[in-house]
Amino acid sequence: MDQNPKQNNELKRGLQNRHIQLIALGGAIGTGLFLGIGKAAILAGPSVILGYALAGIIAFFIMRQLGEMVVEEPVSGSFSFFANKYLGSFAGYASGWNYWVLYILVSMAELTAIGVYVQFWWPEIPLWTSSLFFFFIINGLNLASVKVYGEAEFWFSIVKVAAIIAMILFGSYLLISGTGSPQSSISNLYNDGGFSQKAGYPKAVMVRTKVYLPRSL
């Protein structure tokens, strides 16, 4: 009888298609939409919509091209691998570390945004306390099994999508029914100087592209 049976140490796929689809969708929805859009709207007015559209179009074409490259040559490393292969070792090195630094900064910004939200509803809770609490929660989910991470991301993404749909429907109801405040009107899209009413539009577009595009990738 074999006393040392061969163990199967191969990696297994723990994510299903529904997990991957919702992780991709939810990853593009964050504080840039729920919190950061306020500053951009102040800078650019209603034309901030164009900033999101521009960043979305750029992200779409980049991901489309990257997807074709991955299908042709399925390897790990994503754009860092392809930058290294086609543009040289420095490009691959720089893009890999840039991606890492980006997500460190984005993660800290996300935690700060969580603290801002919590402090809005419960002002007595210090910002750092809620940020630190969710820091451990998020790290726990990432360090757990792939299945736990996938399920958590799946349901969190559904909450994000449901919140956006609910806000669109509720906002449309307020505009159509006229039950909103006197300032709640479609005329805000063209009053006070027109659709692109602010001189800060180019800056707002740059901010939206810089924040939204890397997160989408």
Side-chain angles (χ1 to χ4, degrees), residues 17-87 91-92 94-107 109-110 113 153-154 156-169 171-172 175 186 188-217:
N17 183 61
R18 64 183 179 91
H19 294 139
I20 297 174
Q21 295 289 341
L22 266 297
I23 288 174
L25 181 60
I29 304 172
T31 54
L33 180 62
F34 291 106
L35 182 62
I37 192 175
K39 181 65 176 178
I42 292 174
L43 289 172
S47 59
V48 70
I49 299 173
L50 300 179
Y52 277 94
L54 176 61
I57 292 172
I58 295 173
F60 171 78
F61 283 111
I62 291 177
M63 296 308 296
R64 179 75 179 183
Q65 295 161 3
L66 183 61
E68 292 181 359
M69 297 174 73
V70 171
V71 170
E72 178 68 22
E73 190 173 2
V75 294
S76 61
S78 186
F79 51 82
S80 180
F81 169 83
F82 294 116
N84 179 77
K85 181 177 180 178
Y86 296 107
L87 299 177
S95 62
W97 277 105
N98 179 68
Y99 187 73
W100 184 84
V101 171
L102 166 72
Y103 260 90
I104 292 296
L105 297 177
V106 168
S107 298
E110 296 279 350
E153 284 287 336
F154 175 79
F156 289 154
S157 297
I158 287 181
V159 171
K160 289 182 179 181
V161 174
I164 292 176
I165 294 175
M167 287 190 290
I168 292 174
L169 293 177
S172 300
L175 289 175
I186 298 179
N188 290 321
L189 293 175
Y190 48 83
N191 282 343
D192 301 321
F195 185 73
S196 182
Q197 59 190 5
K198 304 288 185 179
Y201 172 69
K203 183 178 179 181
V205 171
M206 180 179 66
V207 171
R208 290 301 91 207
T209 304
K210 183 178 73 172
V211 174
Y212 174 76
L213 181 56
R215 283 185 50 80
S216 300
L217 297 179

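Just so you know, these numbers use all the heavy atoms, side chains as well, and skip hydrogens, waters and symmetry mates. Note that the structure is a prediction, hence the values are computed from the model and not measured.
- To the nearest 0.5 Å, the span separating CG on N17 from NE2 on H19 amounts to 10.0 Å.
- In this structure, CZ on R64 lies 12.0 Å from CG on L66, to the nearest 0.5 angstrom.
- A 6.0 Å sphere centred on CD of E68 holds more than 12 heavy atoms belonging to other residues, nucleotides or ligands.
- For the pair G26 and S157, the tightest heavy-atom approach, listed with the atom from each and the gap, is CA-OG, 3.5 Å.
- Atom CD of residue E153 and atom CD1 of residue I158 lie 12.0 Å apart, to the nearest 0.5 angstrom.
- In this pair, Y86 and F82 present their aromatic rings parallel. The plane angle is below 30°, not in the 30 to 60° band.
- Distance check, rounded to the nearest 0.5 Å: CD1 of I104 to OH of Y99 gives 11.5 Å.
- Heavy atoms of other residues, nucleotides or ligands lying less than 6.0 angstrom from CZ of F156 number 12 at most.
- Residues S80 and S95 share a closest heavy-atom pair of CA-OG, 3.5 Å.
- Between the CD atom in Q21 and the CD1 atom in I23 there is a gap of 10.0 Å [rounded to 0.5 Å].
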